[in-house]
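Here the structure comes first, spelled out in structure tokens, and everything after it is commentary.
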Number of protein chains: 2
Amino acid sequence: MLIGFEIDYKTLPYSRRERNLVTQTTNGRGPKIRDVALHAGVSTATVSRALTDPASVRPALRDKVLEAVKALGYTPNAAARSLRAGRTRTILVVTRKRWSAPFFSEVLNGIDTTLARAGHAMILGNFDAGDRREEEIIDMMFSGHIDGAIILSGIAADTGTRSMLDAGLPIVSISAAVAGTLAIVTDEGESIVRLADHLLDGGHRRFLYLAGPLGNYNETVRWAALRAHLAGRADATLARIEGDYTMPAGIAAAKDFLAMAERPSAVVACNDEMAIGFMKTVRAAGVAVPGAVSVAGFDGIEFADYCEPTLTTIRQPRFELGAAGAETLLKMLAGTMALADGPVRLVNRLRLADSTAPLGAG
Amino acid sequence: MLIGFEIDYKTLPYSRRERNLVTQTTNGRGPKIRDVALHAGVSTATVSRALTDPASVRPALRDKVLEAVKALGYTPNAAARSLRAGRTRTILVVTRKRWSAPFFSEVLNGIDTTLARAGHAMILGNFDAGDRREEEIIDMMFSGHIDGAIILSGIAADTGTRSMLDAGLPIVSISAAVAGTLAIVTDEGESIVRLADHLLDGGHRRFLYLAGPLGNYNETVRWAALRAHLAGRADATLARIEGDYTMPAGIAAAKDFLAMAERPSAVVACNDEMAIGFMKTVRAAGVAVPGAVSVAGFDGIEFADYCEPTLTTIRQPRFELGAAGAETLLKMLAGTMALADGPVRLVNRLRLADSTAPLGAG
DNA sequence: CTGTTAGCGCATTCAT
DNA sequence: ATGAATGCGCTAACAG
């Protein structure tokens, strides 16, 4: 039995010190607002006010409170706060299992940075149509666990019984416009037309388009724009091969391309990954890029500058898409923006690199 | 005025139907447990039990409750539940701003999949040492908003005043072992030795190592293992160039390499991105890979198979790292696993590709 | 400007 | 097996 055993707090790591203070309070689970109130000699209401609306408390008292907060290592309980306030300062971000990490990770970064600055947290949820996870995502919308949602998945979670849209929370969709949400999109149709014009200017007339998944928003917009534009040129042809945005899909498309009797001279892929898989494969088969075929992508992922050859592509403002989406959602929560104020459109930039060249050049 | 105006609910979208039902309940914000109880003719306690412990309620009553739940579109309020139960079924995952998206996105996928299966949500938080975000992360640990944390950042958020470790919640660190947490790591030291042996077998003796950020866990482990191993070979030399895991760092290293009087014949990069940036640059300068220099990476990101040439690397089980981390944390929460049961070690695999060849071959 | 009080919605005692 | 009542921790009315 140790009697009079003295702990020298100054030599202990602060964690130990704090833990010790914590145990001096009412119960085992860390200090509550009441503990702070007692320590500071004020009521719990004053503590609450000193923390959430400092201006409403006399400086002298406020300082006493903040001192007590620091001394006890008090952090307000989030659940109690949420229950009382009716909001959680938490946002749900939904993605799909097979997302394009190089593209979306930077969007996510933009979201996180913006939300964090506003004191909001971000719950990430992956789902694919049909799996149980989809139901959980919807439940979360109705559970009061979150204040709003950002959709990166291109579609809303919807089990047929109910949809995440029904919860009545503000929702923003980024990159793909989802009906019933405020969409943050880019001028992707115009962008792909600019790309096509660049290739047309280089003398290209036989085009091949590497498609994204059928029904996908971006796929639909890009294809429609490209097709409409080339339809206006009597001398141009446009073939199409289906794909799913992955590099293996680019490989598969390349095999089809290599088997074609009359090969197109210009390939426009619906995203960079497919373009990169395509280039790798045709080059391995002895088809020079851009010598024999020009290849362009879409998105402007980082690797577009490191593949061989560097990839002509359309650079989307990924971070800004995320930031604008988060900003917009915060405004909807604040009531200063509404669905009708959308969609928000950002501008892409054509980035020329070594994978495209005028017909016959390269 | 519309009298006797009948709405045909069957032709309305379900969302409309549900919204209608919701308004039949006590207040504006959706049905509460009391509404369900009234609708089913039971007490709130029975509703609660029917939902959380169905076996404890007589089947007849249980069915009535579940029916009422469905009819009203009831979803339990998460904040109230958390406050009452003392846990949130939410996990915090911390990353750093400059993470390697190709590597960590798949780890994240493993985490999310595993947590979701167990009914847990995942809050994502980016931080960098010194910014305000770091404090928020720590606050979250103390706020009762989360039940535990997974560290992908390699270091614990720590302001000097307090650290996320002090909250007393279970914490797992993945890929880099963080003191005070249960670490999920790989046999990276052994892996890099296997890689070195492969190059030694090919006749290489002059090595160059492209380093990660000083102090980084993986950097430290890999460098120590490689250095110790080559130190055992009297005929081998090992140079080192600093970097920060990015492709531009690989470019910078390549410039230094090109300026060397006697160039090493084998380059081992601490991650794939640097190896890829390096290859791109030396090839552009006319140095053949692997003809003049063999290059190897570390991590096994997807793009390693699509760069030019394909990259010899060490493939880490990224999804499994995430899954194991989440699994482990869940066990810690359940009390069936503790810090002392770690670390958990997964095994990497050497993946040979076109960027390495025996000395003088290629 | 500050203290007292009530209640956010739920899970869990304690009775029955 | 079920119901009544309590309190998780906090903030917002209301009083003073």
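Just so we're on the same page: letters track the sequence lines, and every chain starts at 1. In what follows, every heavy atom counts, from backbone to side chain, and hydrogens, waters and symmetry copies are set aside.
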Figure out the CZ/P separation between A:Arg34 and D:dC8, and round it to whole Å. 7 Å

Gap between atoms CG and P, on B:Asp53 and C:dT13 respectively (whole Å): 12 Å

Specify the separation, in whole Å, of atom CG of A:Leu83 and atom C1' of D:dC8. 9 Å

Closest contact, heavy atoms only, A:Ile155 versus A:Arg96: CD1-NH1, 3.7 Å

If you take all heavy atoms of A:Ile174 and A:Gly322, which pair is closest and at what distance? CD1-CA, 3.9 Å

Indicate whether any N or O donor in one side chain lies under 3.5 Å from an N or O acceptor in the other, for A:Ser82 and A:Thr88. no

Across all chains, not counting sequence neighbours, the salt bridge (Lys or Arg N to Asp or Glu O under 4.0 Å) partners of B:Arg87 are none

Nearest-Å distance for atom pair NZ/C1', residues A:Lys64 and C:dT2: 12 Å

Give the nucleotide from the list C:dG3, C:dT2, D:dT2 with an atom nearest to the side chain of A:Arg58. C:dT2

Short side-chain N/O contact to C:dT2 OP1/OP2 from A:Ser43, under 4.0 Å: no

Could you check B:Ala78 against A:Val42 and say which one's nearest nucleotide on DNA chain C is further toward the 5' end? A:Val42

Integer-rounded Å distance: D:dC10 C1' and A:Leu38 CG: 15 Å

What residues, two or more places apart in sequence or in another chain, satisfy salt bridge (Lys or Arg N to Asp or Glu O under 4.0 Å) together with B:Arg117? none

How many whole angstroms separate atom NZ of A:Lys32 from atom C1' of D:dC8? 9 Å

At under 4.0 Å between heavy atoms, which parts of nucleotides 11-16 of chain D does protein reach? Answer with one letter per nucleotide, 5' to 3': B base, S sugar-phosphate only, - none. BBB---

Salt bridge (Lys or Arg N to Asp or Glu O under 4.0 Å) partner of A:Asp139, chosen from A:Arg162, A:Arg132, A:Arg133: A:Arg162

